[in-house]
Each structure stands twice: as C-alpha cells, then as structure tokens.
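Letters A, B, ... mirror the listed sequences (proteins, then strands); counts begin at 1.
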Amino acid sequence: MINLLSRKATCNSHGQDSSYFLGWQEYEKNPYDEIKNPNGIIQMGLAENQLSFDLLESWLENNPDVAGFKRNGQSIFRELALFQDYHGLPDFKKALAEFMSQIRDNKVSFNPAKLVLAAGATSANEILMFCLAEPGDAFLLPTPYYPGFDRDLKWRTEVDIVPIHCHSKNNFRITESALEEAYQSAQKQNLRVKGVLVTNPSNPLGTTLTRNEINLLLTFITTKQIHLISDEIYSGTVFSSPDFVSVMEILTEKKYSMNTEVCNRVHIVYSLSKDLGLPGFRVGAIYSNDDVVVAAATKMSSFGLVSSQTQYLLSEMLSDKKFCKYYLSQNQKRLQQQQKMLISGLQAAEISCLKSNAGLFCWVDMSHLLGSKTFDAEIDLWKKIVYDVGLNISPGSSCHCSEPGWFRVCFANMSAATLNIAIQRLKSFVQSTTAVTRNNLTTHQSVKNSRRRSSLTKWVFRLSFDGREPDER
Amino acid sequence: MDFISNNNGHLLSKMATNDGHGEKSPYFDGWKAYDSDPYHSTKNPNGIIQMGLAENELSFDLVQEWVVNNPNASICTAEGANEFKEIAIFQDYHGLPEFRKGVANFMGKVRGDRARFDPDRIVMSGGATGAHEMLTFCLADPGDAFLVPTPYYPGFDRDLRWRTGVQIVPVVCESSNNFKITKEALESAFQGAKESNIRIKGLLITNPSNPLGTVLDRDTLKTLVTFINQKNIHLICDEIYAATVFNQPDFISIAEIIEEEDQRNCNRDLIHIVYSLSKDMGFPGFRIGIVYSYNDAVTNCARKMSSFGLVSTQTQHLIGSLLSDDVFVEKFLVESAERLAKRHEKFTKGLAQVGIGSLKSNAGLFIWMDLRRLLKEPTVDAETVLWKIIIHEVKLNISPGSSFHCSEPGWFRVCFANMDDEAVKIALRRIWNFVLQSSKGVEEHAKRKCRNLQLSLSFRRRDDIVMAPHMMSPHSPIPSPLVRAT
C-alpha cells in the first residue's frame, strides 16, 4: 500500500504530529463552555481575533445590498458566479491594496497590479516558495517561528528551513551574527540559501521588528543576493508603541529606493485572517515588486483562488474607508485591553512575558517552573497545563524556540470573563506548585512528588492522530 | 554562492520561469485575442464571440431565484447574519458538515441516486484545478507519470505536471472508432512508458469527456477498471460534467461500476473521483473543488493538503444550503439538462446545414467539431492556419484540437452554453458565411490543380467538393459516420 502513494503522502512533513496540534485535539475532546462545560479546557492555542465581530456585523446590517449579491440594486450573482479570473476582482484588489496602506499609516502605497490573491497566507507562503526556490534549497527563519511554516514552506515544495537562532537575553532580536551563523550552517549542510523569511509583527513573540533589524536584514540579503519575505499578516494588530515599520517603508528610503535589484527581492505576504478575524474566508495575498514573481504567482494562484463571493463582500467592506479606520482603531484598543489583562494576571502569578506591542498572544516565560532546563521538562509542564490546569497553550519547542520554558498564550479569541477564569486557573496552579516546592528540599523533586503525578500517568501521549486538526496559526 | 546579480531569472525557481504553466498553448492565444476584441451585442457586435470557454450560463435564473428566496443561506443578510461570526472563524479543513452533506447529496442526485456518497470522504480543494494537483501530489513522485487518453483538457498539462514534476503519457484515441479508449491503446501507452523507464502511477479519465462531450459506456469502464487493477495503478475519474448529460445514453459513474457484482475484486484503494460545481452548476467563481477517494490514506493526506486551497466558508455555507434543498436540486437538474439539450440541438443542426459535422455527443458544454475537410492538408500547421482564420476573420474563438493533444488535425472544440440565443444565431451565421466562402475557395483550388494534372485529392475529397454546400439542399445526408444527421 505504501508504495502506491507518493513520498509526500507518507512522510511526516505535513507537520501535524507536533505537540502544537496535539493540544488542539485535547481541547476538541473537552472544550470549555461557560455554562455547559465550565471545567473544560480553555483554548489559548488559537491565534484568532474574535474581539471585534460586532463591528463587522453592524457594517453588514448597514449594507444590505452586499448580502443579496447586489450592486446598486442590480443582481450581480451571475457575474460573480462566473468570475474566475486569477487576476482577481479589480475592486477587491484595489480596496485590499488601500487597506494595506491604511494599516501602514499611508507611509507606503501598494500597486494592485503587484498584488496576487491566494487561498489564505498558507497558500501564499507556499506559492512564494515554489517561485523562489528549487527542491533542496533553503530559507532562513528566525526562531521561534509559527509551527505551520514547517508544512507551508517545506512539505510539497521540498524546500528546507534553517533556523536563525534568537535568544531571550536580547529579547529574541535578530542579530547580524545569528544571520551569518545560520547562513554558514546551511552551507555546511550543502543547502543553497535562497532567502530569509521573517514574520513582522512576530508570531509567536508579538513584537514588531525594529528599524535596526530590518536594515540588518536588507543589508544581509543585499550582500548574499537572496530574497526577503516579510509575512505581515499581523500588521493591523499593533496596539501600542513602537509603531509598526514595514520593510516596504524602509525600501522607500533613499538608500534602497533606486536599488531595483534589492526591491525586487523583497516580497510581502498578507491575509485578512488575523487583522479582520476572517480565517474561514481564506483571503491571502502576495505583494512583490518583481514582475516575473507576480506573473508566476498569479498563475499558481489557480490552485487556490479566493471565492468571488468573498472577494465581492470584502471589496465593499474594505472600500468603506471610514469603517476600516474605525475598525482598526477599535480593534487595536480591545486587543491592548485584553493583553494588559493577561499580563497583569500573569504578573500576579509571578510569571513574566516578553514585552510586546502586537499580535493576538503573549510570549510567556515559565522557565522557572520547569523541573529542569530541558525540552522534556517543558513538555512535562505543558502536559500539566493542558490536562491539569485545563489551558491549551503552545509550547515553545513546537515553535522551534532554542530555549526551553517559553509558551505562546493567546488572548484574543475569548471574552474577558473567560480570560479571567484562565488567569485564575494559572494562578492556582502556580501557587500550588510553588507551595509544593517549598515543602520539598529540591525543585527537581517537587514535580515528582506532586499529587499531580498520579493524574499525569493517566494520559497516554499519542504522537500521531487522525482527528479534527484545525488549520491555524 | 554567487548569482548573476543583474539577471533575476537566476534568483527565481525554474518553475517560476519555465512554461510549465502551459499558457503558451494556443488554447490561451484565442482567449487573448478575444480579450482584446470581445463581442458585445450592442457595444461591439463585430467583436470575437467567445466559444473557447466551457461555461454553463444557461440556468442562473433558477439559482438566483433560490438565493432570493433563501436569505438565511447568506451570512450577510439580516436573516443569516447571526451565523456570520461562526462561519467567518471556521477554518477546519474538514469543511462545514452542512457543506459536505449537501455536496454528497447532490453528487448522488446527479447520478440518479444510483450511487451514494459519504460526506466524510468529501475533501475540498481550490476548484477541480486544485483537486487534480492535490491528487497528483498524493499519488505520484516527481518523474512518475499518469496515462491520459487524448484528446484531453489542456489545463491538465499544468494541473498534473507543473509544480508536481509528474509527467503525462498520452493514450491515443482516434476518430475511426469515435475516440473510444481501447485496451490496445492503453497497453501500448503503458508499454511505451515502461520502455522509457517511466513509472506509471495512474490513469486519468474525464467522464463525461472534455472535449468530446461523450460518456463512457459500461464495457469501456469495466475494461479500465480491469486494466488498472492488473497494473496496480490508480484510476482518477474526473466527473465534473456529470450533470451536463442531456441525452441518452445515461451517465455511468465509476461509483456505480465498483458496486456491481463482477467488480467485487476491484481494489477500491485505487479509485478516486474529482468533482466540482463549476460546470454542473455554473459556479466557476466560487472555486468549489472536491476530491472523493475510496482510499483512506489518500483521503487523510488530501485533507491535510486541502489547507492550500480551502473553500471560503461563506461559500460553503451558501452551497450547503442550496444543495440540501432536494426540491431545488431535482428541478435544477431536469431544467438544466433540457436547456443544454435544446442549445446543443440548435447548434449542431445549424452546423449541419452547411455540411459541418461533429462527433455525436450527449453531454458537456461544447461540441467536437469536424473541420478536417476544410484543411489544406491534414497537418497541425494547416489546422493552425485554419484556426487563426477562424479567430481573426470569422471572429469566433474556438479551440483547436492540437491544444487538446488530438492525434488527428482538423477537430475543434466549440462551446455553446456560455452565450445567449442571439449570440448563437450570429455565431452560426458567421460560420455559414465562412464555410460557403471556403468551399468556393476549395473548389477553385481543386479546379486549378486539375488543370495542372496534379490531382492529389482523394476521390472522396473530390466528392465533398462537388457536393459543395451551396449546391446541396439543407436536408441532404452528409457522407460521414461521425456527423449527426439533420
């Protein structure tokens, strides 16, 4: 049987055996519900923005035409049902390009003709790999990074990822030496490096790249003559300073604006899944200054176009500039509020996190709760938090973090009330763990002697599964 | 490593810069010509009429009516907005249960309830385009090949090969037996591949056929099932035109064949269906592709890969409601088939009036037109010359058989379901004028050749000229087994 299928079908490169996805499965089996299942697992592993749907719903109420496939009272159902041009609905691309500008305070303008639509950022990232790299080539990615990249960038493309190691001692900032080290490491493995991919704002860190980091990256790709992909899908979630600086903004500066070669090697990935909270609609985009990339990516988008029905709805919504401005600012306020709540709750439990100004999550430091500074201990702690504490959070190892003890904790996919409950649970857990520690001679033994030991052995840790594996970031 | 800095081509992949996307094919040249001078009944009545696009535009009114009467199928209406949030955040690649149920239900109805489909095997993809690529990634490694009977849909060259690195080995079918797929042709193609050290992983058939518009008969289907079982290769059945069957014989799906008594020994792990709503319902813009595999491992793998081309949940929600409405579905299927039948008849009769024949067909959104006798010589070059004349002078974008890898020059695919009645009339008139003029020209040419005592035309050909349309009565029988009698 195995020989009947392709290697891609039978290997593990889809990445779904990762703990990242396992926590999901546990959540699905026992999901928290305020009334029906108050002791269930709270989902904090899902980077979704559910704080501002009321704003979208009220927009819909005020725009009834869009609902019935109408434009100016005339039905355009037929037109939409037939529209399959991979160049995309012109009105939609225009609105999307302008929305992207709006997010960047209009410091950059985007040309709709250089925008390519794809079925989510998942598809957009894969398309860029197919366009920029051969099987066996590699891209450098700063760690920690979104676990889905292992599938999106590597699976069907056969491209490799070589990590650029970032460390907590300098707040996980990208350094010149880390870049160089990664490049050398790739060379030693006989991998040809085709580019660097960064996520800005970062998932899972929730921080925006500094101007210094962006300049470092541009210098690096100029010297090595490779590509830079900037995944900016969280750009609309920046809720406090410093301001978001897009790589496109730096390219408009004197140093680079006349350097076509470098400009042509910088590509942006965007999506409406995080900024607008619409992951189900599968709206992704690639923006590139290189016409050949735009042309090739456009053709490849045939394999995952955006539904015309959805393009139409969103072209109307995003063309409403007033609404967009209001939405973006309201949404950012709500995110900030929720983030502050989580941070202070964590602080009360003596847990610190990386100072962040964006994203839908916090990068939390629980290394002091580890039995030992190892990834095994991290997984042990993670299991406790999922099963005992009832919180699905994502262990740093699933994000390829080089230091054990860090966890990504999402806060934007739940109400304030639920967030509160999550915080209380964590607090109790930490207090009881600390109490047990104090009652023992060594920290090392506290875990072993904890009453939780018997409950731990109940759960069998399955490495692969065939259940409902949601596709998320 | 050093790269030539001023040549961006070296910085990009081969895939980004080669022709694997297949758009250099003449199939697309006609599109481009059309785009630069598109026919419009009032704004551009002399423009090119698009007959190269296999789209079903005959039954939108039925769907539109349903949409208006079912406001809660849309998450944007007052009636449906309460589901907006749930739908907008749902990104599970299993797809909305209602969507899968609706599609499975529809697929069964299309096959007259002679086959039943399990909603849990329904896997989404970005249109049939995405479905084919996805299946190829699941079933074959770079360098492997699929057998595909000719003539076949030009898009397969891109869908099966471009990013996958997989090859296509044609199974040549000929007009002498109405392009039937024969065991001999299959074996010949398979052996040929083996001799070239190409590993065949499967056979892809389109049933009903694009571009032929015919359905496979039971014997052929069984021959195919036997063949793939013997060779232990996959069988992919592209059934995207299943609901466009408008005349006898009935459509027989592979889903029915494998349930039959004598197929108990068929290895179901080799059977996969590709489906879509782009042709049957006329929704190419909504990008609804389906992979339905009887192989669990393939279903699981395809489901993970579907992440790269999920159907928008907004669309899933609408379609799930639409296709679960049995009253609507039954009405639509009957009405749509009737309208296709009428249009097909009008068109083929119109062509026959000027002695143009086509392959006898009972399905699809097009006919496989026979213009062999209008070729200066039976070559691809002559076909291309004729095609260019048809586009630029006759102003009809039709698709030349060579773009479908047809082994015999002179055949053209002509779509008829993507225009209104007026445009059909105009298209027929233009064809009539062209044929009458060409026949005159051919006659002149023949006379000259006679004078030069270089009569290279076959006796049969001479007959055709002598029986030039302007001399024939519209009701004369046309001397070819492939042409529909008027």
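The contact between A:L313 and chain B is made entirely by side chain atoms (from C-beta outward), counting heavy-atom distances below 4.5 Å. B:M305 touches chain A through backbone and side chain together, each having a heavy atom under 4.5 Å away. For chain B, no part of A:E79 is nearby; none of its heavy atoms comes within less than 4.5 Å. With a 4.5 angstrom heavy-atom cutoff, B:K14 touches chain A via backbone and side-chain atoms both. In this structure, chain A has heavy atoms under 4.5 Å from both the backbone and the side chain of B:D159. Using a 4.5 Å cut-off between heavy atoms, A:E61 makes no contact with chain B at all.
B:F283 has its side chain within reach of A:F77: a pair of non-hydrogen atoms, C-beta onward, lies under 4.5 Å apart. Counting heavy atoms from C-beta outward, A:Q309 and B:I319 have side chains that stay 4.5 Å or more apart. In this structure the side chain of A:C131 never reaches within 4.5 angstrom of the side chain of B:M15, judged on heavy atoms. Looking at B:L139 and A:S6, their side chains never come closer than 4.5 Å, going by heavy atoms from C-beta outward. Taking the side chain as every heavy atom from C-beta outward, A:R282 and B:Q314 never approach each other to under 4.5 Å.
For the set A:E158, A:M129, A:Q84, the count of heavy-atom pairs under 4.5 angstrom toward chain B peaks at A:Q84. Highest contact tally toward chain B, considering only A:Q311, A:K8, A:E126, is held by A:E126 [criterion: heavy-atom pairs under 4.5 Å]. For the set A:T310, A:L278, A:N49, the entry with the most heavy-atom pairs within less than 4.5 Å of chain B is A:T310. Chain B forms the most heavy-atom pairs under 4.5 Å with one residue out of A:G284, A:A81, A:G304, A:A9, and that residue is A:A81. Taking B:G130, B:A81, B:A140, B:G22 one by one and counting their heavy-atom pairs under 4.5 Å with chain A, the maximum is reached by B:A140. Among B:L318, B:V68, B:L277, B:V166, the residue making the largest number of heavy-atom pairs under 4.5 Å with chain A is B:L318. Contact count against chain B (heavy-atom pairs under 4.5 Å) is highest for A:S308 among A:A124, A:A119, A:S308, A:A296.
Between A:E57 and B:K85 no salt bridge is recorded (no basic side-chain N to carboxylate O distance below 4.0 Å).
A pairwise comparison of heavy atoms in B:A16 and A:V292 identifies O-CG1, 4.3 Å as the closest pair. The shortest heavy-atom contact between B:R163 and A:I127 is NH1-CG1, 3.8 Å. Of all heavy-atom pairs between A:Q50 and B:I89, the closest is NE2-CD1, 3.6 Å. Heavy atoms only, all atoms of each residue included: B:L12 and A:H227 are closest at CD2-CE1, 3.7 Å. The shortest non-hydrogen separation linking B:I75 to A:L60 is O-CD1, 3.9 Å. Nearest heavy atom pair, residue A:S302 against residue B:T129, reads O-CG2, 3.7 Å.
Between A:W155 and B:F308, the two ring planes are tilted [angle within 30° to 60°]. Ring geometry for B:F84 versus A:F53: interplanar angle over 60°, hence perpendicular rather than tilted (30 to 60°).
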side-chain hydrogen bond (donor to acceptor under 3.5 Å, both in side chains) evaluation trace for B:T315 with A:S307: CA-CA 7 Å; B:T315 301; A:S307 168; 2.7 Å; yes
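In this structure, CD in A:E316 is found 10.5 Å from SG in B:C76, a value given to the nearest 0.5 Å. In this structure, CH2 on B:W162 lies 4.0 Å from CE on A:M300, to the nearest 0.5 angstrom. In this structure, the separation between CG on B:N418 and CG on A:L82 is 9.0 Å, given to the nearest 0.5 Å.
For A:Q74, the CD atom sits in a loose shell: 12 or fewer heavy atoms of surrounding residues, nucleotides or ligands are nearer than 6.0 Å. Crowding of B:E86 atom CD: a count of heavy atoms from other residues, nucleotides or ligands under 6.0 Å not exceeding 12. The number of heavy-atom neighbours closer than 6.0 Å to NZ of B:K32, taken from other residues, nucleotides and ligands shown, is above 12.
No side-chain donor-acceptor contact under 3.5 Å links A:E134 and B:S13.
With hydrogens and angles disregarded, a donor-acceptor distance shorter than 3.5 Å links the side chain of B:H234 to the backbone of A:L4.
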